[in-house]
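Notes follow once the structure below has been shown.
Note on naming: letters A, B, ... go to the chains in the order of the sequence lines (proteins, then strands), and numbering restarts at 1 for each one. These figures come from a predicted structure and were not determined experimentally.
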Amino acid sequence: MPDRHPDTTPDRHPDTTPDRHPDHNTPHLPDGHPRRALRLGVAGPVGTGKSSILATLCRELAGELAMAVVTNDIYTDEDARFLRSAGVLPTERIRAVETGACPHTAIRDDVSANLDAVEDLEEAYGPLDLVLVESGGDNLTATFSPALADAQLFCIDVAGGGDVARKGGPGITGADLLIINKTDLAPHVEVDVAAMVADASRARDGLPVLALSRHDPASVAQLTDWVRELLVRHRSGTHVPTDPGPMAPHSHSHSHDGS
Amino acid sequence: MAGLAHLLLGDGRLPVGAYTYSAGLEPAVAAGLTRDRIPALLRARLHTAAVTEAAAAVLALRAAGRDPVDYGPVQQALAARTPAAPLREASATLGRGVQRLARRLDPGHPAVAALSGIGPRPLRPVALGALGAVMRVTEEELARGVVYDELQTITSAALKLLPGDPLDSVVWILDAEPHAAAAVAEALAVRTPAGLPARTPPLTEQWALEHAQRERRLFLA
Ligand SMILES: Nc1nc2c(ncn2[C@@H]2O[C@H](COP(=O)(O)OP(=O)(O)OP(=O)(O)O)[C@@H](O)[C@H]2O)c(=O)[nH]1
Ligand SMILES: [Mg+2]
């Protein structure tokens, strides 16, 4: 285990941890100073690379930030096991929650199980800077409730086809950052990354889009810089958690909502 | 109140994390339970776990009405009657969601504040007693809510684990009504924590212990 993670706090069982922090979920103290970690959600369709992004973020940032991970799976702990075996974070800082076969519910309609996991990690290893929460791989409509995630990445990939970005959905149009992943595969699937980024940018009304490949260090650096900047805003109290929006079947940024 | 609180208590969509629980169905299915045996499982739960849970919730609601509020005796009595550790843990996890809701509704309420004083986390029926006090439901409404929730939990989980016509669930629940009424009556008749019935069937415990060892689970317990 790398020594940059001095886990001095014994691993306490949730069952025996008294609830001493009634307002643990409050992001900021009255003076605006954050009392808890930034919670960053990572959502997106199955297999687009969410776990790999978590692994990348842990690998790149765990040296400078105190981090932990919560995964949501249809089956309990596939993602958690993948991340533990990646060796990017001490295994006990990676927790999986049971989602009762309802991964959508667990990150949006009823976030109890995820809040429990995040709070337990903060209690055991805190103070933490960053907690990453991976959604159960699902479709284009699943996004995090702001009651759970302060900010969220939505991840699609070039292998899903160049049209995905145009299809929209709340994650694509409203997530804090849209990632178009696996750009290294673009030539093999005949997708024009620049066009995909342009489509996505149009759908997002100026919200950022990042073309990412774990084989492209410059893109990885852009991702980590975005997270660092977000953390600065979270700490200064200037970042406002935003819901990406309702589960609309299809929406365009230039829809007629400008009143 | 306009009589909505007790409906909320029995609402499976109440956002307190209950969708992660199958009230023993997933462990039972792993042990070979088939869809045609679900009504029998419902009856079995109504004669066992549901009585203990509902009675404990009623005792906690009564404790919540006293000054000072002390949940210690009912929490201990319930823990002692829940010998399988995974079942205690599941109850504490579910209780935590209920506690979060109670705190949101009325953080300063003595019934809510007293939950924090419980060493290990409050078990679900204890937290439900506090929530019941905050929502001002009657003992009978609370007991019926707990019993109904048991039925609804199992039948909802069945849609995931032993799929079939969703309308069957309604038939099963209505057919179980006399047993549910008996469970409510029995729960209300319990006067003291010492008198809390110990009703965890050994098979349920065995299945819960096996479930906790499994890797690919959908539900807590
Ligand atoms: N070529 C390429 N493959 C990648 C990249 N990122 C991830 N992958 C591969 O994509 C596949 C899926 O990656 P995961 O990170 O497991 O995707 P996920 O979204 O977490 O998947 P689920 O949790 O099952 O929904 C794996 O085979 C990864 O190796 C990338 O940048 N380039
Ligand atoms: Mg994954």
Can you tell which part of B:A18 gets under 4.5 Å to a heavy atom of chain A, answering side chain, backbone, both or neither?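 It is the backbone, since no side chain atom gets that close.
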Does any backbone or side-chain atom of B:L14 lie under 4.5 Å from a heavy atom of chain A? Answer side chain, backbone, both or neither.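 For B:L14, the contact with chain A is made by the backbone alone.
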[atom1] of [X] to [atom2] of [Y]: how many Å apart, nearest 0.5 Å?
X      : Y      : atom1 : atom2 : result
B:R96  : A:E119 : CZ    : CD    : 5.5 Å
A:E98  : B:L220 : CD    : CG    : 5.0 Å
B:R216 : A:D73  : CZ    : CG    : 9.0 Å

Which heavy-atom pair separates [X] from [Y] by the least distance, and what is that distance?
X      : Y      : answer
A:G100 : B:K160 : O-NZ, 4.0 Å
B:G17  : A:D110 : N-OD2, 2.6 Å
A:S112 : B:V16  : OG-C, 3.2 Å
A:A106 : B:Y19  : CA-OH, 2.9 Å

More than 12 foreign heavy atoms under 6.0 Å from CZ of B:R13: is that the case here?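 No, CZ of B:R13 has 12 or fewer neighbouring heavy atoms, counting only those of other groups under 6.0 Å.
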Tell me, yes or no, whether the heavy-atom count around B:R35 atom CZ, taken from other residues, nucleotides or ligands under 6.0 Å, exceeds 12.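 Yes, the 6.0 Å shell around CZ holds more than 12 heavy atoms from other groups.
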Going by an N to O cut-off under 4.0 Å, is there a salt bridge joining A:D116 and B:R100?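 Looking at A:D116 and B:R100, the cut-off is met.
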